[in-house]
Amino acid sequence: MAKPKDQSRRDFFKFAAGALVIGGGVFFAGTLGHTRIIKQIQKVAQKLPKVFKRLPPLPVDPAVKINGLSPLISPNKSFFQIDTGGGAPIIDPDTWTLKIDGMVKNPITVTYKDLLSRPLFELDNTLSCVSNPVGGLLVGNARWIGVRLDDLIREAMPTARADQVLASSDDGFGAGFPLSVLDGRDAMIAIGMNGEVLPGKHGYPARLIVPGLYGYVSATKWVTHIELTRFDIKQGYWISQGWSALAPIKMESRIDVPQQGSQIAGGKTTIAGVAWAPDDGVSAVEVQVDNGEWVTASLGPELAATSWRQWWLETDFNSGNHGVTVRARNSRGEVQTQTPADVLPNGAQGWHSVNFSV
Ligand SMILES: Nc1nc2c(c(=O)[nH]1)N[C@H]1C(S)=C(S)[C@@H](COP(=O)(O)O)O[C@H]1N2
Ligand SMILES: [Mo]
């Protein structure tokens, strides 16, 4: 899969980051000291250059008016974080390189400066972890800034044998997806996130973002190597542990408010949350209150088909116990799958419900 680990360096990072690895390889943020080192490195790093292809400014966020609703854009500082361990490595952008090789006719190596001098574009994209349970918080929406991945791969000229793009970092992580996924969608090597230089914990100096795919098969942070290879030869980090090699993000919807088990005041109540259906986009969200008829919710702005949408519905509740369920529809009219599925092997599915009392 990935390159051999440099153990002494890894140990240093573990020490520096006060690493804490908890079940399933989920890593929780490093200590202040570590964050400070990363910040110092980022300070000397270049500011983000002009973006070649800007998106229109963000619309007014409905979350400003709806208490408890997820913001349209997840802030960098609270964006969910998943690492196999070790936390953010300390990478000097002046010596960092990204190699693209393997089954290619023209292997290339790019520096951070090379990346910054290419045409940068913005992408509104929801990233989900495959380990996100129905109703879970391991999903976030950001305006990413980067260079087109398909352009770079094209320059490397993959041979006919290659069927996988396998991207790895020096800490032993690797994530692979079909070469055929580069079908014109806006996959990128990201160097910016929500108007800032990519934060250390989210992959500084560069990471991959591939719209429509779960992070473990696509979103390699601190990426240093992209190898064109074959699925029947090599696979990403999580694949040998029972997770699917192919992993498109499933259509899901989540209720943010009211929260499960909460007690709310009676009268007019806003039920609200987010829904995502990568590739096709969310075209409708429906809400069922106390096993009644499904009611169509109001929808927030659609930044892109690959971006989540906020939804909300005002309802009157009398005192007592209540239950609410949500489901999304994509632009092809398909309804989010009701049959529950566990996160293993390729992502949770099912309708999110909450119970609360008035
Ligand atoms: N180098 C590296 N990249 C990685 C991972 C990792 O453990 N190491 N985790 C992946 C997984 S499982 C997910 S869901 C996303 C999460 O990205 P985030 O931490 O920026 O939210 O990063 C992906 N990229
Ligand atoms: Mo993940």
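Predicted model, so just to flag it, every value in this text is computed and none were measured. Whatever order the structure lists them in is the order used to number ligands and atoms, beginning at 1. Throughout, residue positions are numbered sequentially from 1 according to the sequence presented.
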message: Counting only nitrogen or oxygen atoms and a 3.5 angstrom limit, does Val130 reach ligand 1?
response: no
Any heavy atom of Leu127 under 4.0 Å from ligand 1? The part involved is side chain
When you compare ligand 1 with Thr84, is there at least one nitrogen or oxygen pair between them that comes in under 3.5 angstrom?
yes
Handout entry: Donor-acceptor contact below 3.5 Å, side chain Asp290 vs main chain Gly323
Key = yes
request  = Give yes or no for whether the N/O distance cutoff of 3.5 Å, strictly under, is met between Trp222 and ligand 1.
outcome  = no
Test item: Trp238 side-chain N/O and Ser244 main-chain N/O as donor-acceptor pair under 3.5 Å | no
Would you give me the side-chain donor-acceptor pairs under 3.5 Å for residues 156-165, sequence neighbours excluded?
{"unit_1": "Asp163", "atom_1": "OD1", "unit_2": "Phe231", "atom_2": "N", "d": "2.9"}
{"unit_1": "Gln164", "atom_1": "NE2", "unit_2": "Lys234", "atom_2": "O", "d": "2.9"}

Ligand 1 to Tyr216, heavy atom cutoff 4.0 Å, flagged ligand atoms 11 (C), 12 (S)
Logged contact type for Phe79 with ligand 1, heavy-atom cut-off 4.0 Å, is side chain
Quick note, ring-ring contact (aromatic ring centres under 6.0 Å, His included) partners involving residues 125-147, not counting sequence neighbours, are Phe79-Trp144
*asked:* Any carboxylate oxygen within less than 4.0 angstrom of a Lys/Arg side-chain nitrogen, looking at Lys250 and Glu252?
replied: no
Quick note on ligand 1: atoms under 4.0 Å from a heavy atom of Cys129 include exactly 14 (S)
For Asp83, the ligand 1 atoms with a heavy-atom partner under 4.0 Å come out as 6 (C), 7 (O)
Checking heavy atoms under 4.0 Å, the part of Phe80 that sits near ligand 1 is both
*Close N or O approach (Ser169, ligand 1; < 3.5 Å)*: yes
* Hey, is the main chain of Arg143 close enough, under 3.5 Å, to the side chain of Asn194 for a donor-acceptor pair? -> yes
Requested in this report: Spell out, as yes or no, whether a donor-acceptor pair under 3.5 Å connects the side chain of Gln338 to the backbone of Trp351.
Outcome: no
